[in-house]
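Order of listing sets the numbers, starting from 1, for every ligand and every atom in it.
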Amino acid sequence: MFDVSSFRRQFAFFHHHPDWVYLDNAATMQKPDAVTEAVSRFYQQDNSNVHRGAHQLSQQATAQFEQARQTIAHYIKAQYVHEVIFTSGATAGLNQLAFGLMHTVLKPGDRILLTQLEHHANIVPWQLHCQRYGVIIDVVPLTADRQLDLNAYQQLLALKPKLVSFSHISNVLGHIQPVQQMVALAKAAGAITVVDGAQGVVYQQPDMRQLDCDFYVFSGHKLYGPTGVGVLYGKTQWLEQLTPLCGGGEMIDSVSFVNTTFNNLPFRLEAGTPNIAGVIGLAAAINWLQQYNNKLIIEHKSLLLNAFFQGARQIKGVAILSMPVHNAGIVALNVDGEHPSDVADILNQQQVAVRAGQHCAMPLFDYLALNGAVRVAFAAYNTLDDVNQCLLALEQAVEILTA
Ligand SMILES: Cc1ncc(COP(=O)(O)O)c(C=O)c1O
């Protein structure tokens, strides 16, 4: 059995906010003491810039930084450590990909395939460059139960897109995509595969060898780590073809006003001073997380999810958009005829933190013909008490708004 009490005790946040029910986990997770301590230890004891110092302190900071890269590469089962590129988050990773591939691999008239439920971070970067480079975007629609339409996906793959990019888990609905199957189908159609793992990396340890995608991006802050740090994983052959989005710092080999030559991977794609403490904090999060059995965490989260579904279904006037099966622990819902922000406001008054709105997925809400939804997102540190308090607050919201 997963011991949620001892897990939760490791988060100072909950000591400071004993009365709050934090269910905004898809936006960002709370940080365990192991992470906050690793970050402050770095600043208090080890702070120096990396890769460029002649002194021992810088060499020690560099060793910690590169050890963190190894930890992360090992965690995601990358074939080579240099395939882990540090970014400021999933958004930065996707922007680097769109920019980098558009300059080299994608040509006018090429097609790329996205899906209807993508986060804006997996739409806008492509769009910015597609317009300029004459690349066409196709979109995989959804089925009636708001799952990706895999038949339509296969039909769109027949148009031979050069690249397919989709999220591992929907940040609005919580639905887990059949990512391995989707990657295999895309590869069989000859496409480069990009997986937005911003939510996926939290649900399960992503295995790059098994998944076999060409790129996978995620943010540290959704995986118990600090904000402002993330990972762009890519297979060496593809990383080498990316034009760097940013220039300067360690990414160069030589610079003159006539020509600049670039450093090797991973440094070629890491311009400027990196978020050193963030990287060390992310590795601390992963090291800490690995002491737990993720199967038990998944079971615990599905217990919470099922209890929530059961309770919410009994509240008259609540319409649930998410499906309970293949769900990572995220529920989007609405109160009939009411604005999601009004519902979230009442939950906030009851000290239940959720998010309301379009969750950076406007095309999904256009498709659903809705102006938004309330999102309840569970994490391993949530309890059945949290579920019950949220349900009570939801009942109150319905009562107040429909009175
Ligand atoms: C599916 C998905 N992709 C991308 C992002 C962007 O992540 P970040 O804002 O950390 O860069 C998010 C954040 O919510 C997300 O849920």
Side-chain angles (χ1 to χ4, degrees), residues 22-31 35 72 85-99 114-128 139-140 142 146-148 164-179 182 193-204 206 211 213 215-233 245-246 269 274-275 278-279 281-282 285 321-322 326-332 353-365 367 372-379:
Y22 185 80
L23 296 173
D24 196 16
N25 294 295
T28 199
M29 299 273 273
Q30 299 306 333
K31 320 300 172 202
V35 169
I72 294 160
I85 309 295
F86 291 120
T87 65
S88 64
T91 303
L94 288 161
N95 274 277
Q96 166 63 75
L97 285 181
F99 179 90
L114 308 177
T115 88
Q116 191 67 45
L117 45 68
E118 295 311 310
H119 188 282
H120 296 163
N122 194 24
I123 300 174
V124 182
W126 303 111
Q127 226 168 27
L128 280 172
V139 181
V140 183
L142 306 184
R146 296 171 287 282
Q147 309 279 2
L148 281 184
V164 176
S165 185
F166 56 86
S167 49
H168 190 160
I169 290 173
S170 158
N171 66 306
V172 178
L173 300 165
H175 299 167
I176 305 164
Q177 313 306 346
V179 67
M182 288 176 72
T193 48
V194 178
V195 179
D196 172 358
Q199 301 293 338
V201 73
V202 193
Y203 180 70
Q204 65 188 154
L211 217 52
C213 54
F215 295 105
Y216 192 96
V217 300
F218 62 93
S219 300
H221 69 101
K222 297 193 201 274
L223 186 63
Y224 305 100
T227 50
V229 64
V231 168
L232 160 59
Y233 157 84
L245 173 59
C246 295
L269 296 167
N275 182 352
V279 164
L282 176 55
L321 304 176
S322 302
H326 302 303
N327 186 314
I330 301 176
V331 187
V354 295
R355 188 167 164 192
Q358 300 187 326
H359 312 285
C360 299
M362 281 190 192
L364 172 63
F365 284 96
Y367 188 84
V374 173
R375 182 180 68 187
V376 178
F378 295 104

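Here the closest heavy-atom approach between residue Ala92 and residue Ser88 is recorded as CB-OG, 3.3 Å.
Residue contacts with ligand 1 include Lys222, since one of its heavy atoms falls under 4.0 Å from the ligand. Using a 4.0 angstrom heavy-atom cutoff, Glu118 does not count as in contact with ligand 1.
With a 4.0 Å cut-off on non-hydrogen atoms, His221 touches ligand 1 through its side chain and not its backbone.
Polar contact with ligand 1: absent for Ser167 (N/O pair, distance under 3.5 Å).
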Got a list of side-chain donor-acceptor pairs under 3.5 Å for residues 218-231, not counting sequence neighbours?
from, atom 1, to, atom 2, distance (Å)
Ser219, OG, Ala90, N, 2.8
His221, ND1, Thr28, OG1, 2.7
Lys222, NZ, Ala26, O, 2.9
Lys222, NZ, Ala27, O, 3.0

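Distances from atom 1 (C) of ligand 1 to the heavy atoms of Val202, Val229, Asp196, Val172 show the closest one on Asp196.
Residue Phe166 forms a side-chain contact (heavy atoms from CB on, under 4.5 Å) with just one option from Val179, Val140, Leu117, Val194, and that option is Val179.
Between His175 and Ile169, every side-chain heavy-atom pair lies at or beyond the 4.5 Å cut-off.
Close contacts between ligand 1 and Thr91 involve ligand atoms 6 (C), 7 (O), 8 (P), 9 (O), 11 (O) [criterion: under 4.0 Å to a heavy atom]. With ligand atoms numbered from 1 in the order given, ligand 1 contributes 1 (C), 16 (O) to contacts under 4.0 Å with heavy atoms of Asn171. Close contacts between ligand 1 and Ser219 involve ligand atoms 7 (O), 8 (P), 10 (O), 11 (O) [criterion: under 4.0 Å to a heavy atom].
Looking only at distances, a side-chain donor or acceptor of Tyr367 sits under 3.5 Å from a matching main-chain atom of Leu142.
Ring planes of His168 and Tyr216: perpendicular class, angle over 60° (limits at 30 and 60°).
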